[in-house]
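What follows is a single structure, written as structure tokens, with notes after it.
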Amino acid sequence: MVKHIQRFEEQLDIYLRARFTLLILITQEEERALQKIREVCERTRRHCLTWDIADGFQRLVGQGPLPVARDPLTALEQIDHTEAPTSTLFVLKDFHETWANPQIKRKLRNLAQRLKFTKKSILITTVTSRIPEELRDESVIIDFALPSAEELEEVLNRLTATPGVKVNLTPLGREKLVQAAIGLTASQAQRVFAKAIVEDGSLDDRDIDLVTEEKKQIIRESEALEFYPVTETPEDVGGLGVLKEWLRLREKAFTQEARQYGLPAPKGIGLIGIPGTGKSLTAKMIGGLWRLPLIRLDIGALFGSLVGESEERTRRALRLAETIAPCIIWIDEVEKALAHGGLDSGTSTRVFATILTWMQEKTAPCFVVATANDISALPPELLRRGRFDEIFFLDLPTFSERREIFAVHLRKRNRIPEDYDLDRLAAASEGYVGAEIEQAIIDAMYIGFNDNQREFTTEDILLALSRQVPLSRSQRETIETLRNWLREGRAQSASFREVTEAETQFVPIQLDFKKS
Ligand SMILES: Nc1ncnc2c1ncn2[C@@H]1O[C@H](COP(=O)(O)OP(=O)(O)OP(=O)(O)O)[C@@H](O)[C@H]1O
């Protein structure tokens with residue numbers, strides 16, 4: 001069982017009082033964790049001994065003789081045999097290095113059982129959540145939360161109290177600087193603050209941007225997260241009128257004014273649809289429209305090969321992304337989480353569950369955009385009302401949408417759309433998605449370019465279209481399944497629909513014109 005905790009100190013005390021004998025603490029911050037453990041033990045009058053492979057047993061809290069053990073098995077035997085009239089916590093550092101050994105694993109399991117009848121407990125600190133399955137049942141796994149704003153403020157206070165450090169921060173600047181550092185470990189925060197001081201000899205309000213930049217750098221280093229430049233605007237997207245209107249209505253949703261008005265921050269949207277209809281483009285456009293940073297979560301990169309590693313990466317990546325809030329978190333191809341090739345379905349299910357839990361529990365104002373192509377792989381839990389504000393379906397573009405998409409891509413290539421016969425192009429491209437329309441324009445440009453670099457024409461685009469087999473033809477069945485799914489009313493159409501006579505050769509659909 002994995003517990004997210006608010007106050008580590010209270011949780012630790014509760015577990016120890018409830019006689020949990022084997023606790024596993026996942027943390028990158030051993031020093032800070034030990035400091036908290038010491039505080040808890042001192043306050044609750046427990047003894048505490050630490051052990052590591054280099055120094056053997058050391059005393060953290062209390063008095064008395066020290067057992068001697070250099071190797072891990074002897075250390076466990078010593079814990080087993082040491083008399084402990086007072087409650088004693090043994091903290092084993094980096095024990096994950098050794099628990100692959102079957103003898104040690106077995107001994108730990110035996111001890112977890114046996115210590116229940118004593119006043120002794122074991123806490124293992126580890127940087128990874130790769131925990132052997134056999135130990136998962138016997139232990140409580142605790143995720144050591146990153147420092148809170150108050151703890152980061154203490155880091156900042158300690159640093160600014162150092163003689164010789166010039167500080168020129170307004171109270172608001174100080175608060176913002178601490179906020180900007182949320183998501184960093186205590187030592188990362190200390191490094192970033194120190195760097196800000198070293199750069200110009202003092203710490204002032206201008207350093208807030210520097211801290212934010214440093215944090216972005218740390219996020220960039222996380223394999224599964226990627227910052228996207230937000231250059232796309234609604235003008236770069238043809239059609240999808242309903243979706244655009246929905247987004248425009250919420251353009252100011254993340255502002256202070258909206259909070260004061262009493263509006264809740266929007267949670268997110270699901271974008272489901274045919275490949276190439278602009279789901280990714282929409283995610284980028286939201287960033288541009290709302291002027292918020294866009295972070296893409298690559299589900300494929302979350303999967304590690306070892307038990308527990310994937311969930312840990314997922315949790316870490318989402319928590320890190322959240323610290324940039326307000327922001328947009330784009331979970332691309334969310335179905336990949338469940339259908340991760342070659343992996344045991346248990347891992348995929350747990351990764352997916354981690355994402356769902358996070359979506360449910362997140363309190364930071366970050367807007368989730370989840371995109372998916374394959375509805376057959378999506379579990380109903382994801383689509384349950386309440387998870388998203390709305391789920392949009394991106395269908396094959398209508399006549400007027402295709403017209404708009406041609407205009408967008410001609411304009412993008414510095415051509416005047418009115419120079420082309422957009423009606424003919426839209427009529428000829430029925431069943432083509434945005435990506436295919438864009439491709440036809442590129443192909444037409446090649447035709448013109450190779451013919452003495454003459455300007456490409458409507459005829460060239462028509463020729464390029466006729467040479468392409470659109471997905472709606474080559475994968476007719478899959479696409480019809482998707483469209484039927486829409487008919488069942490599970491999602492809202494992203495477009496203002498107009499069902500032309502010609503279009504009815506695809507599955508005719510009864511559409512709901514409801515706008516939010
Ligand atoms: N509605 C649209 N308006 C303008 N361009 C579009 C539109 N739809 C798609 N395109 C063009 O096609 C490209 C690919 O589309 P995009 O990646 O957004 O589709 P997608 O639905 O996310 O596809 P996939 O599911 O395959 O990732 C876009 O970068 C854009 O140039």
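Numbering starts at 1 and runs along the sequence shown. Atoms within each ligand, like the ligands themselves, are counted from 1 in listed order. Values below: all heavy atoms of this structure, side chains included; hydrogens, waters and symmetry mates excluded.
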Pairs of donor and acceptor atoms involving the side chains of residues 462-469, under 3.5 Å and at least two apart or interchain, shall be tabulated with distances.
from: S466; atom 1: OG; to: L463; atom 2: O; distance (Å): 2.6
from: Q468; atom 1: NE2; to: E436; atom 2: O; distance (Å): 3.1

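Given atom 28 (C) of ligand 1, the protein heavy atom at minimum distance is E438 OE1, 4.1 Å. For atom 22 (O) of ligand 1, the closest heavy atom belonging to the protein is S280 OG, 2.6 Å. Nearest protein neighbour of atom 12 (O) of ligand 1, counting heavy atoms only, is A435 CA, 3.2 Å. Among all protein heavy atoms, the one lying closest to atom 18 (O) of ligand 1 is L281 N, 2.9 Å. At the top of the distance list for atom 19 (O) of ligand 1, counting protein heavy atoms only, stands G278 N, 3.3 Å.
There is no side-chain donor-acceptor pair under 3.5 Å between T185 and Q28. One side chain, T233 or E235, offers a donor N or O that lies under 3.5 Å from an acceptor on the other.
Under 4.0 angstrom from ligand 1, the non-hydrogen atoms of I405 all belong to its side chain. If you look at N373 next to ligand 1, the close heavy atoms, those under 4.0 Å, all belong to the side chain.
Between V408 and ligand 1, a contact under 3.5 Å exists for no N or O pair. At a 3.5 angstrom cut-off on N or O pairs, V237 does not count as close to ligand 1.
Salt-bridge check for E251 with R291: passed, with a basic side-chain N closer than 4.0 Å to an acidic carboxylate O. A salt bridge links E214 to K195: at least one charged side-chain nitrogen sits closer than 4.0 Å to a carboxylate oxygen. A salt bridge does not link E438 with K412: every distance from a Lys NZ or Arg NE/NH1/NH2 to an Asp or Glu carboxylate oxygen is 4.0 Å or more.
Within the 4.5 Å cutoff, side-chain heavy atoms of W330 are placed close to those of S280.
Between the choices K412, H409, E232, K279, the shortest heavy-atom distance to atom 20 (P) of ligand 1 belongs to K279.
Heavy-atom distances between G276 and ligand 1 reach below 4.0 Å in at least one pair. Within the structure, the closest approach of D236 to ligand 1 falls below 4.0 Å when heavy atoms are considered.
Residue-environment remark: NZ (K176) stays at or below the threshold of 12 foreign heavy atoms within 6.0 Å.
Close contacts of ligand 1 with G238, meaning ligand atoms under 4.0 Å from a residue heavy atom, involve 1 (N), 2 (C), 3 (N), 4 (C).
Checked against side-chain hydrogen bond (donor to acceptor under 3.5 Å, both in side chains), T481 has no partners two or more places apart in sequence or in another chain.
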